[in-house]
Amino acid sequence: MSEGAVRKVGEVAEATGLSIRTLRHYDELGVVTPSGHTAGGFRLYTDDDVERLLLVRRMKPLGFSLERMKQFLQATDVLAAGRRPAEGAAGSEEWRAARATVEEIHREAEARYRDLQKHLDYGAEFLKLVRERLD
């Protein structure tokens with residue numbers, strides 16, 4: 001980990017919009033673990049760590065549990081590790097399972113997004129009705 005590519009927890013909190021407490025909680029649960037620590041034990045995050053945190057932050061409004069977020073990150077790590085292994089080769093079952101997890105979470109996210117959009121549409125209708133009553 002190069003020194004120029006790391007940020008302390010306060011900087012990461014500001015960059016992601018997540019609280020320091022939330023970042024510590026994610027670390028304790030193993031959802032997103034910082035890549036390093038200072039000699040004094042302070043968490044150090046790389047740009048890749050920050051990207052992972054931003055993924056988690058984007059999943060949060062869709063109502064995914066922290067465990068599901070962790071599963072998603074683990075599965076995407078497997079897929080990002082390299083090309084799909086040949087059938088029967090070492091790692092092919094893990095790759096297939098990871099792919100299935102990401103596909104499943106994608107379907108869940110689409111359904112949750114549609115539901116959230118419906119609620120936003122109801123909210124917009126309500127605001128319109130309130131404005132009409134004020135006129």
Side-chain angles (χ1 to χ4, degrees):
M1 183 168 56
S2 73
E3 287 301 314
V6 297
R7 297 187 223 179
K8 291 183 181 175
V9 70
E11 297 169 290
V12 173
E14 189 174 320
T16 61
L18 298 168
S19 69
I20 292 173
R21 183 176 179 187
T22 296
L23 295 173
R24 289 180 179 147
H25 185 63
Y26 289 173
D27 180 17
E28 290 163 4
L29 295 178
V31 177
V32 177
T33 305
S35 291
H37 292 81
T38 66
F42 293 101
R43 293 166 175 85
L44 296 174
Y45 293 86
T46 64
D47 289 342
D48 287 343
D49 297 333
V50 172
E51 285 303 314
R52 293 171 73 80
L53 287 164
L54 291 172
L55 271 173
V56 167
R57 190 192 71 193
R58 291 176 181 118
M59 292 177 79
K60 197 173 180 180
L62 294 175
F64 285 100
S65 69
L66 292 177
E67 182 59 33
R68 198 63 167 146
M69 294 175 191
K70 187 176 176 179
Q71 290 170 354
F72 176 76
L73 291 172
Q74 290 169 340
T76 56
D77 286 347
V78 169
L79 297 179
R83 298 174 52 88
R84 179 181 182 173
E87 194 64 34
S92 64
E93 185 58 39
E94 181 184 28
W95 191 91
R96 267 199 317 281
R99 173 81 186 203
T101 297
V102 172
E103 288 173 349
E104 184 179 306
I105 291 172
H106 181 253
R107 287 189 299 274
E108 290 175 29
E110 286 179 327
R112 290 169 187 236
Y113 179 83
R114 284 190 302 271
D115 190 49
L116 186 58
Q117 187 62 56
K118 181 174 68 174
H119 286 273
L120 289 171
D121 292 343
Y122 290 158
E125 289 173 10
F126 174 72
L127 289 171
K128 181 181 175 192
L129 291 171
V130 170
R131 275 192 299 266
E132 289 172 358
R133 284 172 171 73
L134 289 173
D135 292 338

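Both backbone and side-chain heavy atoms feed into the values below; hydrogens, waters and symmetry mates do not.
- For Ala97, there are no side-chain contact (heavy atoms from CB on, under 4.5 Å) partners at least two apart in sequence or on another chain.
- By the rule that hydrophobic residues join a cluster once side-chain heavy atoms approach within less than 4.5 Å of another member, Phe42 and Val12 end up as members of separate clusters.
- Within the structure, no pair that satisfies the salt bridge (charged side-chain N to carboxylate O under 4.0 Å, His left out) test touches residues 30-41, not counting sequence neighbours.
- Atom CZ of residue Arg96 and atom CD of residue Glu103 lie 12.0 Å apart, to the nearest 0.5 angstrom.
- We find the CG-OG distance between Leu44 and Ser35 to be 9.0 Å, quoted to the nearest 0.5 Å.
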Margin query: Checking Leu79 against Trp95 for the side-chain contact (heavy atoms from CB on, under 4.5 Å) test, could you report, in this order, the C-alpha distance in whole Å, the side-chain angles of both residues, the deciding distance, and whether it holds?
Written below: CA-CA 6 Å; Leu79 297 179; Trp95 191 91; 3.4 Å; yes
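- Proximity of Thr101 to Phe72: side-chain heavy atoms (C-beta onward) are nowhere separated by under 4.5 Å.
- Within the structure, salt bridge (charged side-chain N to carboxylate O under 4.0 Å, His left out) contacts touching residues 56-77 (residues at least two apart or in different chains) are Arg52-Asp77, Arg68-Glu104, Arg68-Glu108.
- Among residue pairs with one or both ends in residues 10-36, those qualifying as salt bridge (charged side-chain N to carboxylate O under 4.0 Å, His left out) are Asp27-Arg43; sequence neighbours excluded.
- To the nearest 0.5 Å, the span separating CD1 on Ile105 from CZ on Arg112 amounts to 9.5 Å.
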Exercise answer: donor-acceptor pairs, residues 127-135 side-chain atoms, under 3.5 Å, sequence neighbours excluded:
unit_1: Arg133; atom_1: NH1; unit_2: Leu129; atom_2: O; d: 3.4

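- Listed by chain and residue number, Ser19 satisfy the side chain to side chain donor-acceptor pair (under 3.5 Å) test with Thr22 (two or more places apart in sequence, or in another chain).
- Side-chain contact between Asp47 and Arg7: present, with at least one pair of heavy atoms (C-beta onward) separated by less than 4.5 Å.
- Applying the side-chain hydrogen bond (donor to acceptor under 3.5 Å, both in side chains) rule to pairs touching residues 115-124 yields Gln117-Asp121, sequence neighbours excluded.
- The side-chain heavy atoms of Phe64 and Val56, taken from C-beta on, include no pair separated by under 4.5 Å.
- Contact detail for Asp49 and Val32: the closest heavy-atom pair is O-CG1, 3.9 Å.
- Residues forming a side-chain contact (heavy atoms from CB on, under 4.5 Å) with Leu66 (at least two apart in sequence, or on another chain): His25, Tyr26, Leu29, Val31, Met69.
- Not counting sequence neighbours, the partners of Val9 by the side-chain contact (heavy atoms from CB on, under 4.5 Å) test are Ile20, Leu23, Tyr45.
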